[in-house]
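Heads up, the thing below is written out as structure tokens.
The figures that follow rest on heavy atoms only: side chains count, while hydrogens, waters and symmetry mates do not.
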Amino acid sequence: DLKGNPNNQSLYDLAASYTVLANIMNQLERTDEAIAVLCKEIILREQLVKDYPDVTEYANQLGMTQRNIGLAHVKLGQTSHAVEYYNKVTARMEQLVKEEPENPVHAFALAYSYTELGDVFETIGQTEESRGLYQKAIKIGEQLTATYSNEPKYAVNLATDYYNYGLLLQTSESLDVAFKFYEKSIAIEEQLVNRYPAISDYAVNLEVSYRTIAAELYLSGDQTRTL
């Protein structure tokens, strides 16, 4: 309990203040300064995790700070540093999943980490690394969607992962292979629209997907396929 330890309460509050300050720096496009602030925050988050190893919230917050540094490095084009921090996030999420395998929050965060790290590898042309990470994210997403069918956020994320993987395959392999994943993405979004007709965001997402995938097909020179 932080309230029982004033020193750790101060650490927690200061770390939260650094989060706010870093967000402001990012909004002002002062990314280097945001990274400097986040590095200070990491020191505090690591101390909290050390003092409270059983409190997963603190581990999650540390992972989020590492992720934010990774995002900032991506913004600056510093991909090697971004990979370093995303690897730390992924390793931490893998450990949390190992410790609490039945907790969907950790699994969802791990899938998201795989996707973001895959995006970075794709940016620097390391297709095989990217492919493997996307596949891991998709596997987790499929399990979460099947197990928690009443939680649409898992299906939404899986549809996005299918689409992004399709884009990678279209570039690295062929449209035929990619199209299978485009179809999977569309199928999920159609199901969401049918199941939750009152949620306009799902209809908007589906329309955007139709247009985006149609544009990809047009640019590829294949105008014979239909979704």
Side-chain angles (χ1 to χ4, degrees), residues 1-3 8-9 11-20 22-23 26 38 41-74 82-121 130 132-165 184-185 188-189 191-192 195-196 199 201-202 205:
D1 183 2
L2 282 175
K3 293 181 179 179
N8 280 329
Q9 180 66 56
L11 288 179
Y12 185 88
D13 292 343
L14 182 56
S17 297
Y18 281 145
T19 300
V20 174
N23 288 338
N26 276 319
L38 288 168
E41 181 185 340
I42 273 188
I43 295 173
L44 304 182
R45 298 291 186 196
E46 288 175 339
Q47 185 63 49
L48 287 169
V49 170
K50 180 180 178 181
D51 292 346
Y52 298 91
D54 296 328
V55 181
T56 56
E57 177 189 351
Y58 301 150
N60 285 332
Q61 289 170 339
L62 173 58
M64 182 60 68
T65 304
Q66 292 169 330
R67 173 182 174 270
N68 289 339
I69 294 180
L71 284 171
H73 282 299
V74 168
V83 168
E84 175 189 350
Y85 280 97
Y86 277 129
N87 275 327
K88 290 180 180 180
V89 176
T90 300
R92 185 166 297 280
M93 290 301 104
E94 287 175 337
Q95 183 61 33
L96 288 174
V97 169
K98 183 178 179 180
E99 293 172 357
E100 300 181 35
E102 302 303 319
N103 190 330
V105 174
H106 299 330
F108 186 63
L110 177 58
Y112 201 80
S113 297
Y114 283 145
T115 298
E116 289 193 316
L117 184 55
D119 290 343
V120 176
F121 277 122
S130 182
L133 289 161
Y134 284 157
Q135 289 172 345
K136 287 182 178 181
I138 285 173
K139 182 178 180 180
I140 294 173
E142 289 174 338
Q143 292 171 342
L144 288 172
T145 301
T147 305
Y148 303 95
S149 58
N150 291 325
E151 291 284 348
K153 67 179 181 180
Y154 299 131
V156 171
N157 198 67
L158 178 58
T160 300
D161 284 342
Y162 278 147
Y163 173 73
N164 289 336
Y165 190 48
K184 289 184 176 183
S185 177
I188 290 176
E189 292 186 337
Q191 290 170 6
L192 287 168
R195 189 171 183 181
Y196 304 99
I199 301 179
D201 285 351
Y202 296 155
N205 290 344

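- For residues 143-154, the side chain to side chain donor-acceptor pair (under 3.5 Å) pairs, not counting sequence neighbours, are N150-R195.
- For the residue pair I140 and A107, the shortest heavy atom distance occurs at CG2-O, 3.4 Å.
- Judged as a ring pair (Phe, Tyr, Trp, His ring centres under 6.0 Å), and not counting sequence neighbours, the contacts of Y163 are Y182.
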What's the verdict on side chain to side chain contact (heavy atoms under 4.5 Å, CB included) for L48 and Y12, showing C-alpha distance, side-chain angles and the deciding distance? CA-CA 7 Å; L48 287 169; Y12 185 88; 4.1 Å; yes

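- Every side-chain contact (heavy atoms from CB on, under 4.5 Å) that T115 has, sequence neighbours left out, goes to D119, Y134, A137, D161.
- For the atom pair Q61 CD and Q66 CD, the distance stands at 12.5 Å (nearest 0.5 Å).
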Yes or no on salt bridge (Lys or Arg N to Asp or Glu O under 4.0 Å) for E41 and R45, after CA distance, side-chain angles and deciding distance? CA-CA 6 Å; E41 181 185 340; R45 298 291 186 196; 3.1 Å; yes

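- For I43, there are no side-chain contact (heavy atoms from CB on, under 4.5 Å) partners at least two apart in sequence or on another chain.
- Rounding to the nearest 0.5 Å gives a distance of 9.5 Å between NZ of K136 and CG of L117.
- The nearest pair of heavy atoms linking S185 to A159 is OG-O, 2.9 Å.
- The CG atom of N23 sits 7.0 Å away from the CG atom of N68 when rounded to the nearest 0.5 Å.
- Looking only at atom types and distance, the side chain of E142 has a donor-acceptor partner in the side chain of Y162 under 3.5 Å away.
- Applying the side chain to side chain donor-acceptor pair (under 3.5 Å) rule to pairs touching residues 84-94 yields E94-Y114, sequence neighbours excluded.
- Here the straight-line distance linking atom OG1 of T160 with atom CG of N205 works out to 7.5 Å at 0.5 Å rounding.
- Smallest separation of non-hydrogen atoms from G118 and S130: O-OG, 2.9 Å.
- The two atoms that bring A155 and I188 nearest to each other are O-CG2, 3.4 Å, heavy atoms only.
- With values rounded to the nearest 0.5 angstrom, N103 atom CG is found 12.0 Å from L110 atom CG.
- The structure places CG of L62 at 12.5 Å from OG1 of T56, a figure rounded to the nearest 0.5 Å.
- Annotation: side chain of N60 is in contact with side chain of H106 (closest heavy-atom distance under 4.5 Å).
- Minimum heavy-atom separation, P104 to L144: CB-CD2, 3.9 Å.
- Residue pairs meeting the salt bridge (Lys or Arg N to Asp or Glu O under 4.0 Å) criterion with at least one partner in residues 52-71, sequence neighbours excluded, are R67-E116.
- The shortest distance between side-chain heavy atoms of M93 and L96 falls below 4.5 Å.
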